[in-house]
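Heads up, the thing below is written out as structure tokens.
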Amino acid sequence: MKVERRAVLEALARIVGAGHVLTDPRLIAGALVEPRGLYQGKALALVRPGSTVEVAEVLKLCNDAGIGVTPQGGNTGLVGGQTPDETGDEVILSTQRLRAIREIDPHADVMICEAGVTLAEAQAAALEADRLFPLSLAAEGTCTIGGNAATNAGGLTVIAYGTMRELITGVEAVLADGRIVNALSKLRKDNTGYDVKGLFVGSEGTLGVVTAASLRLFPNPRARATAFVALKSPQRALDLLSIARERLGAGVTTFELIARFAYDITLRHGLARAPLAGDHAWYVLIEASSQIAAGFEDAFSGALEAAFDEGVIEDAAIAASLDQRHEFWKLRDSIPEAQIHEGGSIKHDVSVAVGDVPAFLAEATKAVEAFEPGARVCPFGHLGDGNIHFNVSQPEGGGQAAFLARWDAMNQVVHGIVARMGGSFSAEHGVGRLKRDLLARTKDPGTLSVMRQIKAALDPNRVMNPGKVL
Ligand code: FAD
């Protein structure tokens, strides 16, 4: 086995150069563990191909030798999809060196980025061309376009622009046997058969490696307004969403619901400043934008005034400066960190139909509090998409390990409610390793069988990201 391993490593080095086949555990330690420390793997090597052709040669070699390949971008995924298993037999294929922005086409409003370009770099390149690439999420400084495509990332602007699936017009990908699929189209209209590019979006590295993607660009908004709003209940938040849409149309780009507990802990741990005085049960961070600057601020404040007059909201602060806007966002972004200071937290990344969110929150809160007396629910997230991060912090003064040991059991309680409402147990973060068994148990059998057939057709030796998703 040792000789075989050495032969494989030498062959990999001939493809990508010896400097890009890393085996020293100290150099690859960061790539072996996922961000929350849920999985700790080992690897034969971390390989960094510098081109699509090199990716193809690496995959062909691994496929012929029966070696599992774990694709990895920014390593920010939250379900263990980018972490190799514990055997030490798999290769991590890192996209770190696929960093070119190949083209920005302002007429087609399309930008072609290689897989290893970070989301923040893609956003900045679009801005330089006076365009907007709207995907936005807290990990944007580190996560990559390849990872965003592979996880069908969503984030903070889905309500206006959709998930990665709607933001992609084409992909270039390499299959397990080294075949290159060039579906890097800029076309919005192309009805010539199956949506092959779409197969790779959300495939989490199990069907091939995405090496580049064509991304849709949008006009760069000329005006933007942000407000922090206090209200009584999630139902009132939905009412506010209706009023805002009625008055601002598709310009509502963010609508984040925040529970009182989530708000309070960011202040308690000094991570944010209070945007509003007084005590309120729920909050919303709302942002809207427009191509027409004249009159936009009035329209935005008019929507909030109307909501106030109708008794929908209790209080609101509109950001008067960029700094204040950042303050509002800081509160929203620091909720996960604040939860760490509160001890253990059990997560549920779920979605239900938007109108069902209030009923889901009420039912899930009651069920969780009955299941674990003293547990503190900490829901927050993308109400406009029906996607709530239904996190639960451990009881005050309780043991963290004992609480976290009930992770699966609590998940079952919450996911049972989600299933009854026709929702999803993974709205954003995918399946990876964390939710693989749940997928097998709960997905519609017909859909699951199609997924398995696609996997068998494109990766018959099961070398692409083994043990993930299916
Ligand atoms: P990785 O973590 O490296 O990989 C993720 C998965 O994609 C793995 O299965 C991996 O094998 C596969 N993969 C990576 N690159 C490729 C490729 N080129 N070809 C094929 N497969 C590949 N997600 C949301 O949708 N919305 C959010 O709001 C959001 N917020 C987040 C906030 C934080 C703080 C963090 C840490 C994560 C968040 N995420 C969110 C999770 C999100 O999925 C990832 O941040 C991101 O999309 C993954 O990109 P990555 O480059 O880090 O991929």
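Values below: all heavy atoms of this structure, side chains included; hydrogens, waters and symmetry mates excluded. Just so you know, ligand 1 is whichever comes first in the structure, and atom 1 is the first atom listed for that ligand.
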- Query: Listing by chain and number, which residues have a heavy atom under 4.0 Å from ligand 1?
  - Reply: P71, Q72, G73, G74, N75, T76, G77, L78, G81, Q82, T95, A115, L137, A138, A139, C143, T144, G146, G147, N148, A150, T151, A153, G154, G155, E204, G205, G208, V209, V210, E428, H429, N465
- Task: Under the side chain to side chain contact (heavy atoms under 4.5 Å, CB included) rule, collect the residues that match up with L404, sequence neighbours excluded.
- Result: I346, Q400, W407
- In terms of the angle between their ring planes, are H389 and H429 parallel, tilted or perpendicular, with boundaries placed at 30° and 60°? parallel
- Which of these, N391, I258, L271, sits in a side chain to side chain contact (heavy atoms under 4.5 Å, CB included) with I335? I258
- Task: Only counting residues at least two apart or in another chain, list the ones meeting side chain to side chain contact (heavy atoms under 4.5 Å, CB included) with E140.
- Result: L119, Q123, S136
- Residues that D264 engages under salt bridge (Lys or Arg N to Asp or Glu O under 4.0 Å), provided they are two or more places apart: R260
- Side-chain donor-acceptor contact under 3.5 Å, E287 with T226: yes
